[in-house]
Amino acid sequence: MCAASAAARGRSTLVVDHSNKVGKKILMSGGGRCNFTNYFVEPQNYISANPHFCKSALSRFTQWDFIALVDKHGLAYHEKSQGQLFCDNKASDILNILLSECEQHGAVIQTHCDIHSIDKQSIDKHEHFELKTSQGQFSCDSLVVATGGLSIPTMGASPKGYQIAEQFGLQVSDKRAALVPFTLSNRWLDICKQLAGVSVDVVVENQRQSFKEALLFTHRGLSGPAILQISSYWQEGESVKINFMPDTDVQNLLKSWRSEGQTAELKNLFKRLDKHSLAKNFLNLWLQGWANLKPADLSDQQINDISERLQSWSCKPSGTEGWRTAEVTLGGVLTDELSSKTFEAKKQPGLYFIGEVIDVTGWLGGFNFQWAWASGWCAGQYV
Ligand SMILES: Cc1cc2nc3c(=O)[nH]c(=O)nc-3n(C[C@H](O)[C@H](O)[C@H](O)COP(=O)(O)OP(=O)(O)OC[C@H]3O[C@@H](n4cnc5c(N)ncnc54)[C@H](O)[C@@H]3O)c2cc1C
């Protein structure tokens, strides 16, 4: 995005990438259909030590600008849910748009290019960068670092961008895997294994955030959009609260069934109530012995326990699946080091950072690509 927009301004532009092809994360995104943006992009959809930093770029290159680009290329797309836009066909359609924009404006792409060293040099007071690479030596007035985050190392992720920042005296925050499944242990893991593949609409929350989305049980623990979203707000050792029946007041319901003298088993009563979202096995496994009880026989304590298990389950993950499956990296080059207008490093004229390598992390739903497009386009106006 940055290369195409810089080249469109007439800048001589070279993209160097150590992978065998560019845009691999685009190709693997959104289940192969790339959730390329969202109709409802707001600064609140981003996490950063400075929540204001993203505002400028997001307002100068909006989702509508990217949609206009996609429309210009005649790409077919659809809204899945909550404003999330996906390709009708393949994620490669999005990559092809970017490649064709680069080609049209004369930006050159050099793959299989390992960077050995970067130096800043000054000749006759003209500062420039010298790159020594496996494909030869290059020099440039502006060097844009767009190396992304640490997730999925097998797809070309590397810490190079953070190392370049540190080499030039820029601060980098701690980094954590985010938008990542939780792992559980002990008896909860046993239950998750038995429920693997079952999806339930939940509200998951902690003191910082709350999300109403689907949860998916897996062989390792919990995943699905609800869990990926809250993982970005979770820290090692903390618990999150999960409500498996967010649209029902279970305590009141159990009390009213008890006063009616209901003698059907709880699992059958709940299933009648919500047979779609609470899959067959879920109640048996989740409520265990309680599933066979009859409301007429319930004590107040049992009503409390059952409603707590269903509506306020305190889940303490043992960890996350880590970089292997995380969609993004939380943290990165500190935004205080950069101009929010140009993305140039304040201390190092000519050095720019864009995209995920910066300490700006989007929610699930097309927000991370929108950040990559917006920051790339903005830097492309100044390099
Ligand atoms: C499985 C998965 C699915 C995702 N799905 C979505 C989605 O649907 N919607 C969404 O908005 N976001 C999604 N994301 C997040 C999104 O892919 C990233 O936030 C986005 O790609 C970041 O763009 P970027 O240009 O900053 O970095 P990247 O796209 O990661 O690109 C970095 C580039 O730098 C190159 N590079 C790295 N190190 C070096 C080095 N040492 N030398 C040379 N080159 C190097 C890499 O090869 C790569 O080509 C997903 C991520 C994953 C992992």
Side-chain angles (χ1 to χ4, degrees), residues 1-4 14-38 41 45-47 57 63 66 77 80 82-87 91 94-95 98-99 109-118 131-135 138 143-165 167 177-181 223 225 228-229 232 321-330 332-333 343 352-377 379-380:
M1 193 70 195
C2 183
L14 173 71
V15 179
V16 295
D17 199 309
H18 66 166
S19 277
N20 56 346
K21 58 180 170 195
V22 289
K24 283 189 179 178
K25 284 208 180 151
I26 296 175
L27 297 178
M28 72 188 304
S29 67
R33 292 237 163 105
C34 186
N35 178 195
F36 57 84
T37 193
N38 192 295
V41 177
N45 302 121
Y46 294 87
I47 305 166
Q63 64 274 40
F66 195 75
Y77 60 89
K80 210 166 170 187
Q82 304 185 31
Q84 302 169 4
L85 298 189
F86 287 76
C87 302
I94 293 288
L95 180 56
L98 298 177
L99 292 175
I109 294 173
Q110 178 75 66
T111 53
H112 298 97
C113 189
D114 291 322
I115 295 154
H116 299 323
S117 69
I118 300 173
L131 273 72
K132 290 197 177 115
T133 78
S134 56
Q135 304 275 344
F138 303 105
L143 179 67
V144 182
V145 180
T147 42
L150 293 171
S151 56
I152 329 259
T154 49
M155 285 290 136
S158 86
K160 188 76 183 174
Y162 310 119
Q163 291 162 356
I164 298 171
Q167 177 191 338
L179 295 182
V180 63
S223 186
L228 300 187
Q229 297 278 39
S232 300
E321 288 189 11
W323 300 116
R324 196 180 54 82
T325 59
E327 279 199 16
V328 282
T329 298
L330 206 60
V333 178
F343 290 85
Y352 297 75
F353 290 82
I354 54 171
E356 201 183 312
V357 73
I358 305 176
D359 172 31
V360 173
T361 308
W363 287 10
L364 190 78
F367 301 104
N368 284 296
F369 278 132
Q370 185 57 35
W371 174 245
W373 316 142
S375 56
W377 183 88

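Just so it is clear, the structure is predicted and the values come from calculations on it, not from any experiment. Note that ligands are numbered from 1 as they come in the structure, with each ligand's atoms numbered from 1 the same way.
Side-chain atoms of Gln84 never come within 3.5 Å of backbone atoms of Gly366 as a donor-acceptor pair (strictly under, hydrogens ignored). Counting only distance, with no hydrogens or angles, the side chain of Glu321 and the backbone of Ser223 share no donor-acceptor pair below 3.5 Å. One N or O on the side chain of Gln229 and one on the backbone of Leu364 form a donor-acceptor pair closer than 3.5 Å. The closest donor-acceptor contact from the side chain of Asn35 to the backbone of Ser29 lies at 3.5 Å or more, if one exists at all. In this structure, Thr361 contributes its side chain and Thr329 its backbone to a donor-acceptor pair below 3.5 Å. Remark: side-chain polar atoms of Lys25 are not paired, donor with acceptor, to backbone N or O of Ala157 under 3.5 angstrom. Within the 3.5 Å criterion, the main-chain N or O of Gly156 finds a donor-acceptor partner in the side chain of His18. Between the Ser375 side chain and the Gly355 main chain, a donor and an acceptor come within less than 3.5 Å of each other.
Using the six-membered ring where Trp is involved, Phe369 and Trp373 have ring planes that are parallel, under 30° apart on the 30 and 60° scheme. Ring geometry, Phe367 versus Tyr46: the interplanar angle exceeds 60°, so the pair is classed perpendicular (tilted spans 30 to 60°).
Across Ala57 and Phe343, no two heavy atoms sit closer than the pair CB-CZ, 3.7 Å. The nearest pair of heavy atoms linking Ile94 to Cys87 is CG1-SG, 3.5 Å. Shortest non-hydrogen contact noted between Ala326 and Ala178 is CB-O, 3.5 Å.
Scanning all protein heavy atoms for the shortest distance to atom 37 (C) of ligand 1 gives Gly156 O, 3.3 Å. At the shortest separation from atom 23 (O) of ligand 1 among protein heavy atoms lies Ala372 CB, 3.8 Å. Protein heavy atom at the shortest distance from atom 25 (O) of ligand 1 is Ala146 O, 4.2 Å. With hydrogens left out, the protein atom closest to atom 29 (O) of ligand 1 is Lys25 CB, 4.0 Å, a heavy atom. Annotation: atom 44 (N) of ligand 1 to nearest protein heavy atom, His18 N, 3.2 Å. For atom 47 (O) of ligand 1, the nearest protein heavy atom (residue, atom name, distance) is Asp17 OD1, 2.7 Å. In this structure, atom 27 (O) of ligand 1 lies nearest to the protein heavy atom Gly148 CA, 3.2 Å.
Proximity of Ile152 to ligand 1, defined as any heavy-atom pair under 4.0 Å, is confined to the side chain (atoms from C-beta onward). Contact annotation: for Ser29 versus ligand 1, heavy atoms closer than 4.0 Å belong to both the backbone and the side chain. No part of Trp371 comes within 4.0 Å of ligand 1, judged by heavy-atom distances.
Some N or O of Asn35 is nearer than 3.5 Å to an N or O of ligand 1, by distance alone. For ligand 1, the polar-atom distance check against Gln370 finds no nitrogen or oxygen pair separated by under 3.5 Å. By the 3.5 Å distance cut-off applied to N or O atoms, Ser158 is counted among the residues near ligand 1. Remark: ligand 1 and Val22 share no N or O pair separated by less than 3.5 Å (distance only, no angle test).
Atoms of ligand 1 lying under 4.0 Å from any heavy atom of Gly355, numbered from 1 in the order shown and given with element: 26 (O). Heavy-atom proximity to Ser19, at under 4.0 Å, picks out these atoms of ligand 1: 47 (O). Within ligand 1, the atoms closer than 4.0 Å to a non-hydrogen atom of Lys160 are 40 (C), 41 (N), numbered from 1 in the order shown. For ligand 1, the atoms closer than 4.0 angstrom to any heavy atom of Gly30 are 5 (N), 8 (O).
Counting heavy atoms only, Glu356 comes closest to atom 22 (C) of ligand 1 of the residues Glu356, Gln163, Lys21, Met28. Evaluated by nearest non-hydrogen atom to atom 52 (C) of ligand 1, the leading choice among Arg33, Gln84, Glu327 is Glu327. Looking at Phe369, Phe367, Trp373 and measuring to atom 16 (C) of ligand 1, the nearest heavy atom belongs to Phe369.
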